[in-house]
Amino acid sequence: MSDPRRPMRHILITGATGAIGGALAVDWAAPGITLHLHGRNRDTLEALAEQCQKQGASTVLHSQSLTDHTELRRWVTALDEEVSLDTVVAAAGVNTHSQHKDGEHWEQIEELMALNFGAPIALANCLAERMKQRGSGQIVLMSSLAGYFGLPVTPAYSASKAGIKAYGEAMRGCLAPYGVKLNVVMPGYVSSKMCHEMPGPKPLLWSPERASRRIRRGLERNQARISFPFPLNFGCWWLAVLPAALSQWIVGLAGYNGDHS
């Protein structure tokens with residue numbers, strides 16, 4: 001079994017160049033911590049690494065494909081064999097929007113599902129067995145409050161996040177007897193380029209720094225579901241339990257009816 005006194009040393013963050021991933025990296029950066037930062041934008045990744053290094057952390061940069069799931073599993077397995085990852089955050093993701101009359105383009109849906117849904121599952125499935133064998137580790141999957149009830153403006157995104165929520169909650173129960181933690185993060189609106197490009201209102205918008213602090217508190221407490229902010233989380237939860245026709249009416253009334261021509 002795991003030694004509770006063993007400090008967390010190796011952290012992998014996919015999507016480290018995104019708002020939440022980058023904020024988590026900065027928050028975790030400290031002497032004795034090695035951050036494995038994954039992102040496709042090399043300039044942004046290097047700037048983040050420099051900031052983390054100034055806080056005393058060691059950094060290793062990665063840019064492997066996440067949508068080639070065979071290559072992803074090969075890379076993660078090799079990395080875990082080398083360093084024994086303590087915490088893995090699957091934060092990489094994209095969004096696509098349902099344009100008025102045209103709907104979502106299939107090519108975009110394929111790319112989104114491969115990254116938002118396929119990659120985190122491939123990552124978790126690969127590492128779960130390795131962490132079970134050593135009796136320690138923490139896997140963090142990034143869902144969204146949109147995973148409670150699908151938004152007409154982002155059908156594929158909502159579906160990917162609902163899938164991650166269900167998979168993560170199921171896997172948490174599978175891994176708990178072996179001393180492995182799995183946490184599902186369900187943010188509301190967090191300020192980022194992707195967030196601001198999404199159609200519709202952005203109620204209770206949080207900064208990435210605030211979101212990172214909330215996520216870290218939840219991870220330290222090993223919360224099954226880390227969802228925020230509370231008022232929006234409460235409202236979205238109700239959308240999942242109310243009759244679907246009523247929830248759809250509420251969503252349209254709130255400005256998410258998909259007609260933004």
Side-chain angles (χ1 to χ4, degrees), residues 13-22 38-45 62-73 75 89-125 141-168 184-203 205 208 211 232 236 239-240 244-245 247-261:
I13 303 175
T14 68
T17 52
I20 292 178
H38 178 280
R40 302 307 295 269
N41 186 323
R42 196 70 183 187
D43 290 342
T44 303
L45 200 61
H62 306 273
S63 298
Q64 284 82 356
S65 170
L66 298 182
T67 54
D68 181 339
H69 300 147
T70 300
E71 175 58 29
L72 166 61
R73 288 171 60 85
W75 160 60
V89 181
V94 293
N95 200 349
T96 183
H97 313 132
S98 176
Q99 302 301 320
H100 180 52
K101 295 183 180 178
D102 294 335
E104 294 177 301
H105 297 297
W106 175 246
E107 294 77 10
Q108 292 179 314
I109 293 175
E110 281 189 304
E111 178 185 357
L112 183 150
M113 284 297 180
L115 181 60
N116 290 15
F117 184 66
I121 289 180
L123 195 69
N125 175 262
L141 300 182
M142 198 66 61
S143 180
S144 164
L145 292 184
Y148 278 127
F149 188 87
L151 299 178
V153 292
T154 55
Y157 178 84
S158 298
S160 71
K161 297 305 183 179
I164 288 298
K165 173 183 176 293
Y167 179 82
V184 176
V185 180
M186 299 183 70
Y189 294 103
V190 177
S191 183
S192 67
K193 182 176 183 293
M194 185 173 76
C195 172
H196 294 298
E197 287 177 349
M198 176 185 169
K202 313 293 187 301
L205 183 70
L232 194 59
C236 290
L239 291 176
S247 295
Q248 195 65 65
W249 177 78
I250 294 171
V251 165
L253 193 66
Y256 301 103
N257 58 10
D259 184 356
H260 40 274
S261 57

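Any value given below was found using the heavy atoms of this structure, including those in side chains, with hydrogens, waters and symmetry copies removed.
Side-chain contact between Lys193 and Glu197 is present, with at least one heavy-atom pair separated by less than 4.5 Å. Contact of the Ser63 side chain with the Arg42 side chain is registered, since non-hydrogen atoms from C-beta on lie closer than 4.5 Å. Counting heavy atoms from C-beta outward, Pro152 and Val251 have side chains that approach closer than 4.5 Å. Looking only at side-chain heavy atoms (C-beta outward), Leu66 and Glu71 stay at 4.5 Å or farther from each other. Side-chain contact between Asn41 and Asp43: present, with at least one pair of heavy atoms (C-beta onward) separated by less than 4.5 Å. Looking at heavy atoms from C-beta onward, Asn116 lies in side-chain contact with Val94 at the 4.5 angstrom threshold. Side-chain atoms of Cys236 and Met186, non-hydrogen and from C-beta on, never get closer than 4.5 Å to each other.
In plain terms, the two heavy atoms of Ala119 and Leu72 that are nearest each other are O-CD2, 3.5 Å. Contact between Lys161 and Ser143 at its shortest, heavy atoms only, is O-OG, 2.7 Å. When all heavy atoms of Pro120 and Ile164 are compared, the pair lying nearest together is CB-CD1, 3.7 Å. Of all non-hydrogen atoms in Pro201 and Gly255, the two that sit nearest each other are CD-O, 3.9 Å. Nearest heavy-atom pair across Tyr167 and Ala124 is CE2-CB, 4.1 Å. For the pair Gly21 and Ala91, the tightest heavy-atom approach, listed with the atom from each and the gap, is CA-CB, 4.4 Å.
The backbone N or O of Tyr157 sits nowhere less than 3.5 Å from a side-chain atom of Thr154 that would complete a donor-acceptor pair. When atom types are taken as modelled, the side chain of Ser158 and the backbone of Leu151 share a donor-acceptor pair closer than 3.5 angstrom. Glu104 places a side-chain N or O within 3.5 Å of a backbone atom of Ala156 that can act as its donor or acceptor partner. Side chain of His62 to backbone of Gly39: no donor-acceptor contact under 3.5 angstrom is found. Checked by atom type and distance alone, the side chain of His69 pairs as donor or acceptor with a backbone atom of Ala114 at under 3.5 Å.
Within the model, atoms CZ of Phe117 and CG of Leu141 stand 10.5 Å from one another, a figure rounded to the nearest 0.5 Å. In this structure, Gln248 CD and Ile250 CD1 are separated by 10.0 Å, a value rounded to the nearest 0.5 Å. The line from OG of Ser144 to NZ of Lys165 is 11.5 Å long, rounded to the nearest 0.5 Å. Ser160 contributes atom OG, which lies 5.0 Å from atom CG of Leu112 (distance to the nearest 0.5 angstrom). Rounding to the nearest 0.5 angstrom, the gap separating the CD1 atom in Ile13 from the CD1 atom in Ile20 is 11.5 Å. A distance of 8.0 Å separates CH2 of Trp106 from CE of Met113, quoted to the nearest 0.5 Å.
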### Task
Given side chain to side chain contact (heavy atoms under 4.5 Å, CB included), test Val184 with Met142 step by step and report yes or no.
CA-CA 6 Å; Val184 176; Met142 198 66 61; over 6 Å; no

### Task
Carefully, step by step, assess Thr70 and Trp75 under the rule side chain to side chain contact (heavy atoms under 4.5 Å, CB included).
CA-CA 9 Å; Thr70 300; Trp75 160 60; over 6 Å; no

### Query
Which is it for Arg73 and Asn125 under the side chain to side chain contact (heavy atoms under 4.5 Å, CB included) test, yes or no, and what are the steps along the way?
CA-CA 9 Å; Arg73 288 171 60 85; Asn125 175 262; 2.7 Å; yes

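No side-chain N or O of Ser65 forms a donor-acceptor pair with one of Asp68 less than 3.5 Å apart. Side chains of Arg40 and Thr17: a donor-acceptor N/O pair is absent below 3.5 angstrom, by distance only.
The aromatic rings of Tyr256 and Tyr189 sit parallel to each other, their planes meeting at less than 30°, with 60° as the upper class boundary.
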